[in-house]
Amino acid sequence: MSESSGTPLRRVRVHHLRQAKERGERITMLTAYDAPTARILDEAGTDVLLVGDSVGDNMLGHTTTVPVTVEDMVHHTRAVAGAVRRALVVADLPFGSYEASPQQAHATSVRLMKEAGAHAVKFEGGRRVAEHVHLLTSTGIPVMGHVGFTPQSENVLGGKRVQGRGDEAAQRLTEDAVALQEAGAFAVVLEMVPAPVAARVTEVLAIPTIGIGAGPECDGQVLVWTDMAGLSDWSPRFAKRYAEIGATLGAAARAYNEEVRGRAFPTEAHSFAE
């Protein structure tokens, strides 16, 4: 999705994503967890900014997404939503905040919409959460689904493993995605799914698929921004590093430390006269 040169800035809405799929236009999506990063990614033309519970293992020092709380998500979503002018802001429902019932999912989603300014929510699961999706969408809350590898279920799945391998698993995954669509989801994330399976799901669904480690045939792609920008020493196989921000930041910090210790900073140019 892209704006034509000279046209007014238009907020991305959920129906624009479906229109993009119908036109064969690719959808771009990145995670964001703070206002400065969200502003940069928004101004770069990113269609969707996901305030993911991946904030846990990328920003908060956790080893998984499981410890992330609703308060964490409200805090980070508010920062992102307040910084963007165009992108659709989607907030994750963290582990333990929606699984018990559709009503629990609704209550958490209302907080992320009312208190944090999210435009839509996302949570993991297929047929087992279809009733949750239906309740939310019927009460005015847009929902993005998430199937394939679901990080909140890592302990059940036996680690970060590709999902949907084999005919039976692929069929179950497809049925999960269809159930989300029928319940009212406006898009579905496919994570760590074999490319041919993701291509099939994309063909079957009328709503967009957003891939992460799911091959090139999805309607859009999403990456964790720290993986995309090379902020850390390691990134997953499916992520392409478009920069090495971590190395650049480290070099800047070392130069700063050296100049302060050597009394080269600050100079008169960085000081106030009487």
Side-chain angles (χ1 to χ4, degrees), residues 14 17-18 21 26-27 29 31 48 50-54 64-66 68 88 90-100 102 105 108-109 120-137 141-224 236-239:
V14 295
L17 304 187
R18 185 157 185 165
K21 178 184 177 87
R26 288 297 187 255
I27 299 161
M29 179 166 154
T31 65
V48 184
L50 170 66
V51 189
D53 59 356
S54 50
T64 70
T65 64
V66 171
V68 175
L88 178 76
V90 180
D92 267 339
L93 302 194
F95 177 73
S97 73
Y98 65 93
E99 297 91 338
T108 304
S109 300
V121 300
K122 180 176 77 64
F123 49 91
E124 300 176 0
R127 284 162 289 181
R128 68 180 176 85
V129 296
E131 188 178 352
H132 302 51
V133 175
H134 177 71
L135 174 62
L136 268 60
T137 57
I141 301 174
V143 177
M144 177 179 284
H146 185 154
V147 297
F149 173 67
T150 47
Q152 294 174 8
S153 303
E154 179 178 339
N155 293 320
V156 171
L157 296 175
K160 295 179 172 62
R161 302 173 60 186
V162 174
Q163 302 296 306
R165 282 179 165 153
D167 291 343
E168 290 186 10
Q171 181 61 29
R172 287 195 300 270
L173 189 146
T174 302
E175 291 171 356
D176 279 337
V178 169
L180 293 172
Q181 174 178 269
E182 292 176 346
F186 68 87
V188 178
V189 170
L190 304 178
E191 181 167 357
M192 292 179 64
V193 173
V197 176
R200 174 58 179 160
V201 174
T202 300
E203 181 182 9
V204 167
L205 295 185
I207 60 174
T209 58
I210 310 294
I212 177 167
E217 298 304 318
C218 294
D219 298 303
Q221 297 292 329
V222 60
L223 285 176
V224 172
R237 172 184 170 182
F238 54 73

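For the single chain, residues carry numbers from 1 onward in sequence order. For clarity, every value in this text was computed on a predicted model and none was experimentally measured.
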* **Pairwise side-chain contact, Arg18 with Val14, heavy-atom cut-off 4.5 Å (strictly under)** => no
* Asp92: partners by salt bridge (Lys or Arg N to Asp or Glu O under 4.0 Å), with sequence neighbours left out -> Lys122
* Expected output: side-chain Thr137 to main-chain Ala183 donor-acceptor under 3.5 Å -> yes
* What's the spacing between Met192 CE and Arg161 CZ if we round to 0.5 Å? -> 10.0 Å
* Excluding sequence neighbours, so at least two apart, what forms side-chain contact (heavy atoms from CB on, under 4.5 Å) with Gln221? -> Cys218
* Asked: Among all residues two or more places apart in sequence or in another chain, which pass the side chain to side chain donor-acceptor pair (under 3.5 Å) test with Ser54?
  -> Tyr33
* Check Ala130 against Ala179 and note the closest heavy-atom contact, atom names and distance. => CB-O, 4.2 Å
* Asked: Of the non-hydrogen atoms in Ala206 and Gln181, which two are nearest, and what is the gap between them?
  -> N-OE1, 2.7 Å
* To do: Measure from the side-chain N and O atoms of Glu124 to the backbone N and O of Gln152, and report whether any donor-acceptor pair falls under 3.5 Å.
  => yes
* Structure fact -> All heavy atoms of Ala198 vs all of Ala214, minimum pair found to be CB-O, 3.1 Å
* Asked: Does anything in residues 208-219 pair up under side chain to side chain donor-acceptor pair (under 3.5 Å), and if so which pairs, sequence neighbours excluded?
  -> Lys21-Asp219, Thr202-Thr209, Thr209-Asp219
* salt bridge (Lys or Arg N to Asp or Glu O under 4.0 Å): which pairs involve residues 176-198, sequence neighbours left out? -> Arg127-Asp176
* To do: Could I get the full list of side-chain contact (heavy atoms from CB on, under 4.5 Å) partners for Val188, not counting sequence neighbours?
  => Val147, Leu180, Leu190, Leu205, Ile207
* **Residue pairs, two or more places apart or on separate chains, that pass salt bridge (Lys or Arg N to Asp or Glu O under 4.0 Å) and touch residues 205-215** => none
* To do: For the pair Glu175 and Arg172, find out whether any cationic side-chain nitrogen is under 4.0 Å from an anionic carboxylate oxygen.
  => no
* salt bridge (Lys or Arg N to Asp or Glu O under 4.0 Å): pairs with one or both residues in residues 142-152, sequence neighbours excluded -> none
* Identify the two heavy atoms, one from Val121 and one from Ser109, that lie closest to each other, and give their separation to 0.1 Å. => CG2-OG, 3.7 Å
* If you look at every heavy atom in Leu173 and Gly164, which pair is closest and at what distance? -> CD1-CA, 4.2 Å
* **Beyond-backbone contact of Pro94 with Thr65, side-chain heavy atoms, under 4.5 angstrom** => no
* Structure fact -> Rounding to 0.5 Å, atoms CE (Met144) and CG (Leu17) come to a distance of 6.5 Å
* Got a sec, which residues hit side-chain contact (heavy atoms from CB on, under 4.5 Å) with Ala120, two or more places apart in sequence or on another chain? -> Val90, Pro142, Phe186
* Would you please name every residue forming a side-chain contact (heavy atoms from CB on, under 4.5 Å) with Pro196, sequence neighbours left out? => Pro194
* Output yes when a side-chain donor or acceptor of Ser97 lies under 3.5 Å from a complementary backbone atom of Thr108, and no otherwise. => no
* Structure fact -> Distance col, row Ile210:CD1 vs Leu223:CG, nearest 0.5 angstrom, shows 11.5 Å
* **ring pair (Phe, Tyr, Trp, His ring centres under 6.0 Å) partners of Tyr98, counting only residues at least two apart** => Phe123
* Between Ser153 and Glu99, is any pair of side-chain heavy atoms under 4.5 Å apart? -> no
* Inspect the surroundings of CZ in Arg128 and state if more than 12 heavy atoms from other residues, nucleotides or ligands are less than 6.0 Å away. => yes
